[in-house]
4 protein chains.
Amino acid sequence: MTDKRGSRATDRTEAIMRTTLELGKEIGYAKLSIEAVAARAGVGKHTIYRRWSSKGALFLDSLLSLNKSDLDYPDTGDIVADLRRQIHAAIELLDRPPVGPLYRALIGEALLNPQVAAALNDHFITPQAEKTLARLKVARDQGQLSPGFDLDLAMDILSGPLYFRALIVQEPLTHEYVDRVIEALFTGMESRP
Amino acid sequence: MTDKRGSRATDRTEAIMRTTLELGKEIGYAKLSIEAVAARAGVGKHTIYRRWSSKGALFLDSLLSLNKSDLDYPDTGDIVADLRRQIHAAIELLDRPPVGPLYRALIGEALLNPQVAAALNDHFITPQAEKTLARLKVARDQGQLSPGFDLDLAMDILSGPLYFRALIVQEPLTHEYVDRVIEALFTGMESRP
Amino acid sequence: MTDKRGSRATDRTEAIMRTTLELGKEIGYAKLSIEAVAARAGVGKHTIYRRWSSKGALFLDSLLSLNKSDLDYPDTGDIVADLRRQIHAAIELLDRPPVGPLYRALIGEALLNPQVAAALNDHFITPQAEKTLARLKVARDQGQLSPGFDLDLAMDILSGPLYFRALIVQEPLTHEYVDRVIEALFTGMESRP
Amino acid sequence: MTDKRGSRATDRTEAIMRTTLELGKEIGYAKLSIEAVAARAGVGKHTIYRRWSSKGALFLDSLLSLNKSDLDYPDTGDIVADLRRQIHAAIELLDRPPVGPLYRALIGEALLNPQVAAALNDHFITPQAEKTLARLKVARDQGQLSPGFDLDLAMDILSGPLYFRALIVQEPLTHEYVDRVIEALFTGMESRP
DNA sequence: AGTTAAACGAGACGGTACGTCGAGTCTTTGT
DNA sequence: ACAAAGACTCGACGTACCGTCTCGTTTAACT
């Protein structure tokens, strides 16, 4: 009746991903080894390799399994308020322990392994970007943004500085900082060129 | 007169860094091994470990040895023109082969190894940022920017989107894109909040 | 039927020991390295370390694997003849190439490594000594030796001078010399104290 | 007047040998390294290599520097008594700490390194053997031993069992055991062949 | 006394091997 | 049939010494 093979497989898959995150939190991604995950999960290494092609792929899946799309956009009709709400939620999830350090490491892995980069983009970055773009497009269509508003660039200006501070400068992101970015985007920098 | 010991040591140091970059270009940072660098450079492993504490540290120094600060700011009196010139030069150097892939990998390593992150910040990111800030400050003092202009945020908005596209979305940076970012910073996004 | 795991493991074990002896004969024990044995045998170093704790232990086992107990005692009823036969066989095996130099080196290793010494005693020296003692005891019980005959000392007088010449003075052992030792033991030195 | 160069050189030489023995006692010969001796003695490695060609050679000299020929034979006219006295002294020196373990290790090294073996023979084994032979010869000439007494064999029977027990069986030598060997040599084994 | 040459400490250097670890593959056994 | 268990080859890790080789710096012998 029930697909026992499937359910058993699912069990292992989840157990492995759970262990991966557990170990990742304990010792960090850099020191994580498939060997150790297998041992801790009580699973043969084969069983891991059968499902994932590399440590990065396993790690990506493990991390994504956490984020059951908590980062969806609300639509209250107020684009600024909606963006604020979503981005505040995003930094809360992605820049704070326990996920923060792991997400940082995942991006590090992606920069060293193109396959992980592609998968990360396909399964997380692009979908999220598209949600943002879609919300912005709605706002533009509703006249909250001018017709010539550059959605892609806006998206990058919303994300870029945050990633830059989180990954490159490595300072914790604050809600105040997010607000400054959003304000700059919508009300300008008071420049006088 | 000359410090012969020093010059000998310098020889090795440079030979090792040269070999590191060479091998890095050939096989990529991820597959690089200290063993291979030592062999190719005709040098004992100890001689490498004596100078650098990890593969990342060696790689960082090797890459920085290339950038004989070509990224200094001009000061023509026109802040926008000067920023354009510098940022165009920067993406030309840092986002194109041969340095581009290596720089990406270096940041990847930094995300996995806090020591490398700290060194990268100290020796490259922060000094570069400070040059940008200094140039912006001059412009503000000269009245080219309004007194309330947020220099730090401007810096992040200039860098963030570029890093975001280069590292996360992994699309090649174009001069046209740089110009759009600069324009958005100084003339606004035409938003209508 | 057959223990397949065992047979595979046995294959490697024997291949490693064979290679060890081969290399030992070529370059000598002192220059032997586990690295070289592994490479020559087409085996990972781990596979050697899994089985033996040190170069000495590997070497001991390798050498003992040769001696398919050819050194058993005959019992013709004539104790002198039997000892002669066995000891002549022993020096032929242990003091001549190819085993001679390796056996000498093994004892050298045993003198530097107590674990090897213990293993050598347990697996070779003591068993051989006990065979000799047993044969002597039979002879004494049969009245071929006087009741007060000191078996242990006899054992040492049979072995000691041979080891002394072989290891310390480092002269090749001859059958004539063996006969002089045996004769001295049984018929005395013609001393006149 | 005094050879000052010589005296300085002698100082170093002695300091190095002293340190060698000191370290040898602490960590054992097997773990001894020229590097460590140099460091401990506050001496450059060159200064050691200038004097000795190998660790074994250094160790041999260091050990021999201790034995300012305390093992000379007395000649009281009683060959048995004189042998006893000398051999008892020998085992006391060579089989007991602190020299015992080092002497054992030296012989181990000699078995692995022919140059050390040759030097050990030339500088210690052979001279000692000749003293024994000389003393025995005097006894034979004086008629204390029969004219056909085999001096070389006697020498081996006096030494062999002791070395055998000390090196191979690795049991501590006792004076009682020495006496049994001497008695066996001179009064026979009470065999009845 | 000043010069010169050897010996020296210090330690960098190219090597070789160590013993360990993990990757990814392959085999055996159990269920 | 599939999975745990783990043995296997391979490659690299970071360390320790080897014996050689500069480097200045004593030191003492000979101008």
Side-chain angles (χ1 to χ4, degrees), chain A residues 4-5 8-9 11-12 31-39 41-55, chain B residues 3-9 11-13 16 31-39 41-55, chain C residues 2-9 11-13 15-16 31-39 41-55, chain D residues 1-9 11-13 15-16 31-39 41-55:
Chain A
K4 291 188 180 177
R5 183 191 301 168
R8 198 154 69 106
D11 284 354
R12 316 266 188 194
K31 292 184 185 169
L32 200 65
S33 72
I34 289 188
E35 198 110 17
V37 172
V43 136
K45 285 203 282 178
H46 229 45
T47 305
I48 297 182
Y49 282 111
R50 202 175 291 122
R51 289 166 167 77
W52 294 278
S53 60
S54 69
K55 187 173 76 151
Chain B
D3 179 3
K4 290 188 180 178
R5 183 194 294 168
S7 73
R8 198 158 69 107
D11 283 355
R12 318 274 183 183
T13 301
I16 292 166
K31 291 182 186 169
L32 199 65
S33 71
I34 288 187
E35 197 112 15
V37 171
V43 136
K45 285 200 281 178
H46 219 47
T47 303
I48 297 183
Y49 283 112
R50 201 177 288 124
R51 288 167 168 74
W52 295 279
S53 61
S54 69
K55 187 173 74 149
Chain C
T2 56
D3 178 4
K4 290 187 181 179
R5 182 197 294 170
S7 74
R8 196 158 69 108
D11 283 356
R12 316 276 183 183
T13 302
I16 292 166
K31 293 182 183 168
L32 200 66
S33 73
I34 287 186
E35 197 113 15
V37 171
V43 136
K45 284 201 281 180
H46 226 42
T47 305
I48 296 183
Y49 282 110
R50 200 177 290 124
R51 289 167 167 75
W52 294 279
S53 60
S54 69
K55 188 172 76 149
Chain D
M1 209 125 305
T2 57
D3 179 4
K4 292 192 177 174
R5 182 192 297 167
S7 74
R8 195 158 69 110
D11 282 355
R12 317 274 184 186
T13 301
I16 293 166
K31 291 182 183 169
L32 199 65
S33 72
I34 288 188
E35 199 110 16
V37 172
V43 136
K45 286 202 283 177
H46 231 44
T47 305
I48 297 183
Y49 282 112
R50 202 176 289 124
R51 289 165 167 74
W52 294 278
S53 61
S54 69
K55 186 174 77 150

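Throughout, protein chains are lettered first and strands after them, A, B, ... in sequence-line order, and every chain is numbered starting at 1.
A straight line from CG of B/Asp11 to P of F/dT22 spans 14 Å, rounded to a whole angstrom. As a whole-Å value, the separation of C/Arg50 CZ from E/dT20 C1' is 12 Å. Atom C1' of nucleotide F/dA16 and atom CD1 of D/Ile34 are separated by 14 Å, given to the nearest angstrom. E/dA23 atom P lies 7 Å from atom NZ of A/Lys55, rounded to whole Å. The CG-C1' distance, from C/Leu32 to E/dC18, rounds to 14 Å in whole Å. Atom CD1 of B/Ile48 is separated from atom C1' of E/dG14 by 12 Å (rounded to the nearest Å). We find that CD1 of C/Ile16 is positioned 11 Å from C1' of F/dC8, with the value rounded to whole Å. Between B/Glu35 atom CD and F/dT15 atom P there is a gap of 13 Å when expressed in whole angstrom units.
A donor and an acceptor atom never sit less than 3.5 Å apart when one is taken from the side chain of D/Lys45 and the other from the base of E/dG9. Interface remark: the C/His46 side chain does not form any donor-acceptor pair with the F/dC10 base, using a distance-only criterion of under 3.5 Å.
Side-chain N/O atoms of C/Arg12 include one lying less than 4.0 angstrom from OP1 or OP2 on F/dT9.
In plain terms, the two heavy atoms of C/Ala15 and C/Ala41 that are nearest each other are O-CB, 4.5 Å. Shown here for C/Ile34 and C/Lys55, the closest heavy-atom pair between the two residues is CD1-N, 4.0 Å. Taking both residues in full, the closest heavy atoms of C/Thr47 and C/Arg12 are given as CG2-CB, 4.5 Å, listed atom of the first, atom of the second, then distance. Of all the heavy atoms in C/Gly44 and C/Ala38, the pair that sits closest is C-CB, 4.2 Å.
When the nearest nucleotides of DNA chain E are assigned to A/Lys31 and C/Ser33 by heavy-atom distance, the more 5′-ward of the two goes with C/Ser33. Each of C/Ser53 and B/Gly42 lies near DNA chain E, and the nucleotide nearest B/Gly42 is the one positioned closer to the 5' end. Taking for each of D/Ser54 and C/Ala41 the nucleotide of DNA chain F with the nearest heavy atom, the 5'-most of the two is the partner of C/Ala41.
Counting non-hydrogen atoms under 4.0 angstrom, B/Thr47 reaches the backbone sugars and phosphates but no base.
DNA chain E forms stems at E:1-31 with F:1-31, each a run of 3 or more consecutive Watson-Crick or G-U wobble pairs whose two key distances fall under 3.5 Å.
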